[in-house]
Structures are given as C-alpha cells and as structure tokens.
Amino acid sequence: MALLNILRYPDPRLHKVAKPVTVFDERLTTLVADMAHTMYEAPGVGLAATQVDVHEQIVVIDISEQGNELRVFINPELLWASEETKSYDEGCLSVPGIYDGVERPARVKVRALDVNGQPFEIDADDLLAVCIQHEMDHLKGKVFVEYLSPLKRNRIKTKMLKEEREARRDK
C-alpha cells in the first residue's frame, strides 16, 4: 500500500468538485486501500479522495477505537438530514492542528456504493454523521474552515501558509 500525499489548506485543488466513479476495477480497489492506509497513518478518522488530489467521489471512514471498522462510500448521496443540529469540534487532515466547532445535522441517511459497486444505505448519528458530512463536503470542494467566520478562516489560512513556507525553508 502506498502512502498518499494529503493536500493542505488553502491548496486550490481542495476546491475541485469530484466526479462520480463509473468504473469499479483493480485501480479503484488499490486507491481505496491506499486512502485507508494514508488515513490510518496520518492518523485520522476520515479521508476523501479530493484530499489526495484524486477528484472522484470516494470516501473512507473509520471511527472505531481500534481502527478496524473501515467504511467505504463511493458516490455518496445524502438522502435525509435531521432538522436537529449538533456542534462538534471538527479537525481535518488537510488543516492539521486546527479544530473548531461546526454546526451540522445531528443525523443523516446516506446512499452509496461499496468498492465492488454494490449499493447500500446507512443511517448515521453522532461522530459518524459528522464524518460523513465532513467528507462529503470535500467531494463538493468545501473544507470545514469555510463554515467558520471570515476572521477565523483568514487566520487559519495565514497559519497554514506560514507553516508551508517554513517547511520548504527547512528542507
């Protein structure tokens, strides 16, 4: 399995809209395995293909304590979201070290395909609902910091750009 490079905010490629997956083959299976490996190594609980500069509708999530309950969502579609909302402190592998509260529907119902192209539906709440919505946002070219105030977003952008400059200088 390959470790993939995770794009960092404010990289403009994070704002590309992902296209639906139409071919379910060995390339897709390998990509999903590489994405899962990358997510676990980061470490994180979710990763969208957009974050690794692949603009296809693919999400991997594992919110288990042991990291042994990988869920794969291909072409995920939100069927229903509760009117009730909940605020969670979200973080993102593309915005390392930054956590902030985001208000989202508390429960969702999603339809997707698995890595073999088989359809399934899932009702999710709590952390899983947050992760699904967060990763689906990536597929639409949206990063969680866009839910924050312009002031917070600009501070985060400045911090990320400064860290990137320092990292390049230190090489």
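Keep in mind the model is a prediction, meaning the values are calculated, not measured. Note: hydrogens, waters and symmetry copies are ignored here, and every other heavy atom, side chains too, is used.
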(request) For residues 29-67, pull every pair meeting ring pair (Phe, Tyr, Trp, His ring centres under 6.0 Å), keeping only residues two or more places apart or in separate chains. (result) none
(request) Using a 4.5 Å cut-off on heavy atoms from C-beta on, say whether the side chain of Leu161 contacts that of Pro10. (result) yes
(request) Give a yes or no on whether the backbone of Val21 and the side-chain of Asn75 come within a donor-acceptor separation of less than 3.5 Å. (result) yes
(message) Through direct or indirect side-chain contacts below 4.5 angstrom among Ile, Leu, Val, Met, Phe, Trp and Tyr, which residues connect to Leu79?
(response) none
(message) Enumerate the salt bridge (Lys or Arg N to Asp or Glu O under 4.0 Å) contacts for residues 75-88, please, sequence neighbours excluded, ordered by first and then second residue.
(response) Glu77-Arg111, Glu84-Arg107, Lys86-Asp126
(message) Test of understanding: with salt bridge (charged side-chain N to carboxylate O under 4.0 Å, His left out), list the residues that count as partners of Arg155, not counting sequence neighbours.
(response) none
(request) Apply the test side-chain contact (heavy atoms from CB on, under 4.5 Å) to residues Leu7 and Lys16: give CA-CA distance (whole Å), side-chain angles for both, the deciding distance (0.1 Å), then the verdict. (result) CA-CA 12 Å; Leu7 300 177; Lys16 283 188 178 179; over 6 Å; no
(message) Just so I know, are the side chains of Ile98 and Tyr9 near enough to count as touching, which here means a heavy-atom distance under 4.5 Å?
(response) no
(message) Are Leu70 and Leu93 connected into the same hydrophobic cluster when the rule is that any two of I, L, V, M, F, W, Y join if their side-chain heavy atoms are below 4.5 Å apart?
(response) yes
(message) Looking at every non-hydrogen atom in both residues, tell me the closest pair between Leu78 and Met136 and how far apart they are.
(response) N-CE, 3.6 Å
(request) Might you confirm whether atom CD of Glu103 has over 12 heavy atoms from other residues, nucleotides or ligands at distances under 6.0 Å? (result) yes
(message) Quick check against the 3.5 Å criterion: does Asp89 have a side-chain atom that pairs as donor or acceptor with the backbone of Gly101?
(response) yes
(message) Is it the case that the side chain of Glu135 and the backbone of Ala48 share a donor-acceptor pair, with hydrogens and angles ignored and the cut-off at 3.5 Å?
(response) yes
(request) Output yes when a side-chain donor or acceptor of Glu41 lies under 3.5 Å from a complementary backbone atom of Thr38, and no otherwise. (result) no
(request) Could you list the residues that satisfy salt bridge (charged side-chain N to carboxylate O under 4.0 Å, His left out) with Arg71, not counting sequence neighbours? (result) none
(request) Please round to the nearest 0.5 Å and tell me the distance separating atom OG of Ser64 and atom CG of Leu127. (result) 10.5 Å
(message) So, using side chain to side chain contact (heavy atoms under 4.5 Å, CB included) as the criterion, who are the partners of Ser149 when residues are at least two apart?
(response) Leu151, Lys152
(request) Supply the atom-to-atom distance Cys131 SG to Glu90 CD, rounded to the nearest 0.5 angstrom. (result) 8.0 Å
(request) Apply the side-chain contact (heavy atoms from CB on, under 4.5 Å) test between Val72 and each candidate in Asp114, Asn116, Val60, Leu113; give the one that qualifies. (result) Val60
(message) Nearest 0.5 Å, please: how far is CD1 in Ile58 from CG in Leu31?
(response) 4.5 Å
(request) Is it possible for you to say whether Ile74 and Leu47 belong to one hydrophobic cluster, with membership spreading through side-chain heavy-atom contacts below 4.5 Å? (result) yes
(request) Go through the steps for Glu56 and Arg27 under the test salt bridge (charged side-chain N to carboxylate O under 4.0 Å, His left out), then give the verdict. (result) CA-CA 12 Å; Glu56 298 176 49; Arg27 181 198 70 86; 2.9 Å; yes
(request) Any pair with a residue in residues 81-107 that passes ring pair (Phe, Tyr, Trp, His ring centres under 6.0 Å), sequence neighbours left out, goes on the list, sorted by first then second residue, please. (result) none
(message) When you measure from the side chain of Gln133 to the backbone of Ala129, do you find a donor-acceptor pair of N or O atoms at a distance under 3.5 Å?
(response) yes
(message) Test question: given the 4.5 Å side-chain rule for I, L, V, M, F, W and Y, name all other residues clustered with Val17, or answer none.
(response) none
(message) With rounding to the nearest 0.5 angstrom, report the CZ to OG1 distance, Phe24 to Thr22.
(response) 8.0 Å
(request) Report yes if the side chains of Leu28 and Val115 come closer than 4.5 Å at any heavy-atom pair, otherwise no. (result) yes
(message) Tell me whether Lys109 is salt-bridged to Glu121, with the criterion being a basic N under 4.0 Å from an acidic carboxylate O.
(response) yes
(message) Do Val32 and Met1 land in one hydrophobic cluster if side-chain heavy atoms of ILVMFWY residues count as linked below 4.5 Å?
(response) no
(message) Is there a path of hydrophobic side-chain contacts, each under 4.5 Å between heavy atoms of I/L/V/M/F/W/Y residues, joining Val95 to Met35?
(response) no
(message) For residues 104-129, which residue pairs pass the ring pair (Phe, Tyr, Trp, His ring centres under 6.0 Å) check, not counting sequence neighbours?
(response) Phe73-Phe120
(request) Write down the atom of Ser94, the atom of Ile6, and the distance for their closest heavy-atom approach. (result) OG-CG2, 3.7 Å
(message) Checking one residue: Val23. Which other hydrophobic residues are in its cluster under the side-chain 4.5 Å linking rule?
(response) none
(request) Can you measure from NE2 (His138) to CD (Gln51) and round to the nearest 0.5 angstrom? (result) 3.5 Å
(request) Measure the CG-NE2 distance between Leu139 and His134 for me, rounded to the nearest 0.5 Å. (result) 10.5 Å
(request) Can you tell me which residue pairs pass the ring pair (Phe, Tyr, Trp, His ring centres under 6.0 Å) test with a partner in residues 152-171, sequence neighbours excluded? (result) none
(request) Would you mind listing the cluster partners of Trp80? Hydrophobic ones only (ILVMFWY), side-chain contacts under 4.5 Å, chaining allowed. (result) none
(message) With clusters defined by side-chain heavy atoms of hydrophobic residues (ILVMFWY) lying less than 4.5 Å apart, directly or transitively, does Val54 cluster with Leu14?
(response) no
